[in-house]
2 protein chains.
Amino acid sequence: MTINEELTHELLAFFNGFSSWENSIVRSSELTVSEAHAVEVLGEHEKMNMKGLAQKLGVTTGTTTVTVDRLEKKNLAYRESTKEDRRVNYIVLSDIGKNVFEEHHAYHLHLTEQMTSVLDDDEISQFLNTLKKINAETF
Amino acid sequence: MTINEELTHELLAFFNGFSSWENSIVRSSELTVSEAHAVEVLGEHEKMNMKGLAQKLGVTTGTTTVTVDRLEKKNLAYRESTKEDRRVNYIVLSDIGKNVFEEHHAYHLHLTEQMTSVLDDDEISQFLNTLKKINAETF
DNA sequence: ATTGTATTGTTTGAACTTCAAAATATATGA
DNA sequence: TCATATATTTTGAAGTTCAAACAATACAAT
């Protein structure tokens, strides 16, 4: 087994673990999975248009329209039209939406703490560096 | 921003990047998303029962029943009953299923290679070690 | 052996998610 | 002004999911 094969295996396990964890968190909240993902992205970005949000979510804009409709219905976010380009809607979290985001974000922080609790300081900063590189170069 | 907050941010970006990548790979194949995940897990495990598969996938056994039904319909896997416990079905990949797995696995290996191409050898083995620890302790 | 309880897996119905393609509205360049 | 490009929405069909109810089998304790 080459190191890349081993790494592939661990990456998959990591991804699946993360995914299961995320699903169980979302299921225990009032959000659906796609709503939660959207809130997660919007919470980090202040203002996004539909296309940008769709790209970040990895889905089509059609799908994103449906998701944002639902967020609006739940008063978690709203569309804000702009003068510069009247085709564009900016999607913004409402105050309620921001609270929901913070709550969800706290869970993530807690998960991160759980992960780093088994690592020493050097490992943690090395891990962070590696992730930064990979994110910048690969995705 | 604490290191855990920074790490949370990078982990999320990593997860989303991985997720988008996986979705685009799956969409270009003849598999649906849930079928692909199941094949991915089954390819690594030889024999699994429904409960084990469901746990690995992070979904209920009901959902898994539907997924495996579909895999059987496509001749990618089959149920194998066992004498020891007649409630249990083992799910096994067919030869076609194994080929599909290998093909998908090759994509993963390619992604891993892309990631490691921006890292030096020490970083790679450190990254692998850290992932192993996290997978063992957190998920 | 019989009975009660636990476990494994399936079925069902309803809600959610997704895409592709067509449609709408607006922008931009020739 | 016209053609083309871009941003978003709408639509319809296929897939995905859960929870809850159900069926079959196992197991433990009398």
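Fair warning: this is a prediction, and the values are worked out from it, not measured in the lab. Chain naming here is simple, since letters A, B, ... match the order of the sequence lines and numbering starts at 1 in each.
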Identified side-chain contact (heavy atoms from CB on, under 4.5 Å) partner of A/L53 from the options A/N89, A/T67, A/V68, A/T65: A/V68
Over 12 foreign heavy atoms within 6.0 Å of CZ, B/F15: yes
Rounded distance (Å) that lies between atom C1' of D/dA26 and atom CD of B/E84: 13 Å
Parallel, tilted or perpendicular: rings of A/H104 and A/H108 (30°, 60°): perpendicular
Touch class at under 4.0 angstrom, heavy-atom based, for B/T32 against every strand present: sugar-phosphate
Overall bend - the helix from C/dA1-D/dT30 to C/dA30-D/dT1, comparing terminal axes fitted on five pairs, nearest 10 degrees: 30°
Side chain to side chain donor-acceptor pair (under 3.5 Å) contacts in which one or both residues fall within residues 118-128 of chain B, not counting sequence neighbours: A/K133-B/E123, B/Q126-B/T130
Distance-only donor-acceptor check, side chains A/T60 and A/T63, under 3.5 Å: yes
Passing candidate, side-chain contact (heavy atoms from CB on, under 4.5 Å) with A/K98, options A/V39, A/V92, A/L93: A/L93
Heavy-atom donor-acceptor pair, A/R87 side-chain to D/dT6 base, under 3.5 Å: yes
Whole angstrom value for the distance that separates C1' of D/dT17 from CE of B/M50: 14 Å
Under-4.0 Å side-chain N/O to phosphate OP1/OP2 contact, B/T63 with D/dC18: yes
Interatomic spacing from CG in B/N16 to NE2 in A/H37 - rounded to 0.5 Å: 7.0 Å
Nearest to side-chain heavy atoms of B/D85, which nucleotide of D/dC18, D/dT25, D/dT9: D/dT25
Nucleotide D/dA7, atom P - distance to CD1 of A/I91 in whole Å: 14 Å
Position toward the 5' end of DNA chain C (nearest nucleotide), A/K83 or A/G62: A/G62
Heavy-atom contact window of chain A on DNA chain C, given 5' to 3' at under 4.0 Å: C/dC16 to C/dA27
Sugar-phosphate, base or nothing in reach of B/S34, heavy atoms under 4.0 Å: sugar-phosphate
Distance in angstrom units between B/L57 CG and D/dT16 C1', rounded: 12 Å
Integer-rounded Å distance: D/dT8 C1' and A/Y90 OH: 14 Å
Euclidean distance, atom CG of residue A/L31 to atom P of D/dT17 [Å, nearest integer]: 18 Å
OH/A/Y107: more than 12 non-hydrogen atoms of other groups inside 6.0 Å: no
Neighbour count above 12 (heavy atom, 6.0 Å) for A/E103 CD: no
Nucleotide D/dT9, atom C1' - distance to CZ of A/R86 in whole Å: 17 Å
Spacing of B/E35 atom CD relative to D/dA14 atom P, expressed in whole Å: 14 Å
